[in-house]
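The structure appears right after this line, and notes come after that.
No experiment lies behind these values; they were computed from the predicted model shown. Below, chains carry the letters A, B, ... as their sequence lines are ordered, and counting in each starts from 1.
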Amino acid sequence: MSERKLRIGFIPLADATALIVAVDKGFTTAEGLDIELVREVSWSNVRDKLNIGLFDAAHLLAPVAIASSLGLGHVKVPIVAAFGLGLNGNAITVSPPLYAAIKAQAEGDIADPMVTARALSRVVANRKAKGEDPLTFGMTFPFSTHNYQLRFWMAAGGVDPDQDIRLVVLPPPYMVESLANKHVDAFCVGAPWNSVAVDLGIGHILHFVSEILQRAAEKVLAVRARWADENPDAFRRLILAHGKAADFVEDVKNRDEVASILAAPERIGVAPEVIRRTLDGRLKVSPDGTFRSSERYLLVGRAQAARPDPVQAAWLYAQMVRWGQVLMSAESLAEAKAVFRPDLYDSILGPSAPMPASEPADGVGAFTGPAFDPDDIGAHLDGWKIRRR
Amino acid sequence: MDLTLKIVIVDESPVRSAIIEEGLREAGFSDVVRVAETANLLARIYAIDPDVILIDLENPSRDVLEQMFQVSRVVKRPVAMFVDQSDTASIQASVDAGVSAYIVGGLVKDRVKHILDLCISRFNAFSRLQTELDLAKTALEDRKVIDRAKGILMKMKKLSEDDAYSLMRSTAMREKKKIVEIAQSILTASEMLK
């Protein structure tokens, strides 16, 4: 079997775990693939280099895979996602003053996203009444889960993310600095940046995004549809290696090894202990040392997390429609769903273990609103008062 | 060619952005603004109100520029050069060189191609300079290591300068290593034996 050389781009984030472990633990070599991992600085770069063929595959934001396939905001390049690199994994972090303000307005348990969303709405109204500047929230990309998760959460409490606050794109490595020097009051970002802010004493983790949506497709292993067609064998071996890597990551006794692989300077480059917290879903949420745990913080391979679910693609598409990034159409909804390929996943990796009872029936499990129906996006949108038209 | 276009260069490397600016000015573009700071980038770009934005691909703030596609209250919307797929060669060349261009307000691509081509060649010239500089630095450091190892051999084995060098060279050839590697192991060994 000849070695096949592939170049794969990634952003240094904990949800690149399956990819990094697949390569650095030798699962890809065992499949006869010679992979060069290329660390990138921006999602625009990852997208462009994948689109023009400088990368064979990439660690990509799930909504960017859909946006590229639909030609939104950029060139239209059909993407195939046959392996999910993780569900959830983001958190919302707020500055100490904003945390105090939300806490003062909270009527109920501050761990409840509806309580905090309503409290935020009152904080926003008070600021407006006093003529103060609107709050600024940082997120990572226009087509990002972070953008949609922040919007979904605050809109549920009555905050219009386009009118009442400022929502700005910030590269993840700049998030913490921007919170420290008060360019933003809060942000939604992946690991390890929330923990870094808490450890520095400049932020409180207000929510894990898994408290807002129980299942949210975060990153995917993306390839161009054409590449998948032209390289079926390399594609199959790449997915096989990822399946093994995801199983390896989910075996708790391997966690220390996984954390040290990810901690390498040319990979994520933060202390293994910080990565371990993410994998274990046990995060320090306050500078005073309070911890919060969740089984759902970041799902890499368990509970069918790696199996792409078209329901997730439909939910992301619905958010693009809700916030005016695309006009609703049945064709583009179908195109969006077709980016996520459970059929390919099943044919390469075989049948998955049954979905555990812990998982939401509609495949999303939002903290508010009716169950999500991927075949009736209109009803999902009509359910929300705050939306763009 | 429209020499009145307002061009913004977003680059954290002051040397490189100066090289690009100089190139653009030589070509007759007089309205060139350099931005090195990435804090509040969007606000600064709105204030400058450029026709073309050039940004280093190694700058994470590219994602900030992408937001400008989305903001509905801004009248002028920038479009990345990559959006036009017809010219794959020039896209490849710009990615290879490490530069990306955004065009604001529906400018026709042909009017900007000259600017991008110029930037690509300036970016490439800069990385050649950088490589040459790095090579010169390495050569200088290698030279120092070899000289120190030579000194140690001369002292410990009572060799002449030429003989000390020949000994290192023949050892390097026998072990299929570089002279500087042999010299480095001599330095390491002599540190340990001190």
Side-chain angles (χ1 to χ4, degrees), chain A residues 9 11-12 38-55 61 64 67-68 71-77 136 138-144 146-147 161-163 166-175 177-178 180-184 189 320 323-326 388-389, chain B residues 10-13 35-46 53-74 77-104 109 116 120 123:
Chain A
I11 297 277
V38 183
R39 184 166 134 149
E40 275 297 341
V41 294
S42 71
W43 289 115
S44 322
N45 280 6
V46 173
R47 176 200 59 199
D48 291 345
K49 290 184 180 180
L50 180 68
N51 286 352
I52 64 174
L54 286 180
F55 291 154
L61 285 161
V64 173
S68 274
L72 297 181
H74 213 258
V75 269
K76 180 169 174 141
V77 178
T136 304
M139 48 85 177
T140 58
F141 202 68
F143 298 103
S144 69
H146 319 78
N147 185 17
D162 294 313
Q163 307 291 333
R166 274 197 292 251
L167 202 48
V168 298
V169 168
L170 272 180
Y174 296 174
M175 289 277 181
E177 189 190 327
S178 301
N181 55 31
K182 302 185 169 48
H183 281 133
V184 296
V189 70
M320 293 175 186
W323 302 115
Q325 290 179 321
V326 63
R388 305 282 80 82
R389 286 184 192 274
Chain B
V10 182
D11 196 336
E12 285 169 310
S13 159
V35 176
E37 277 270 327
T38 48
N40 284 325
L41 181 62
L42 219 46
R44 300 182 64 153
I45 287 182
Y46 288 148
I53 305 162
L54 297 159
I55 184 164
D56 163 24
L57 279 183
E58 290 310 308
N59 193 326
S61 295
R62 255 200 88 192
D63 284 349
V64 177
L65 295 185
E66 294 278 328
Q67 187 182 15
M68 297 169 77
F69 294 110
Q70 307 290 323
V71 181
S72 51
R73 56 179 173 264
V74 182
R77 291 194 189 199
V79 180
M81 281 295 279
F82 297 121
V83 167
D84 188 342
Q85 262 181 320
S86 56
D87 191 0
T88 325
S90 115
I91 292 169
Q92 285 271 9
S94 81
V95 172
D96 283 344
V99 63
S100 166
Y102 289 81
I103 309 163
V104 189
K109 206 194 80 180
L116 188 65
I120 292 169
F123 254 70

Please identify each residue that fulfils side-chain hydrogen bond (donor to acceptor under 3.5 Å, both in side chains) with A:N45, with sequence neighbours left out.
A:E40, A:S42, B:R62
Between A:L167 and chain B, with a heavy-atom cut-off of 4.5 Å, which part of the residue counts as in contact: side chain, backbone, both or neither?
backbone
Identify, with sequence neighbours excluded, every residue that meets side chain to side chain contact (heavy atoms under 4.5 Å, CB included) alongside A:V326.
A:L72, A:Y317, A:M320, A:V321
For A:T140, which atoms come within 4.5 Å of any heavy atom of chain B: side chain, backbone, both, or neither?
backbone
Report yes or no: does B:D63 contribute a side-chain atom to a donor-acceptor pair with the main-chain N or O of A:W43 at less than 3.5 Å?
yes
Nearest non-hydrogen partners of B:V64 and A:P171, listed with the distance
CG2-CD, 3.8 Å
Can you check whether A:F143's main-chain N or O pairs, donor with acceptor, with B:E66's side chain at less than 3.5 Å?
no
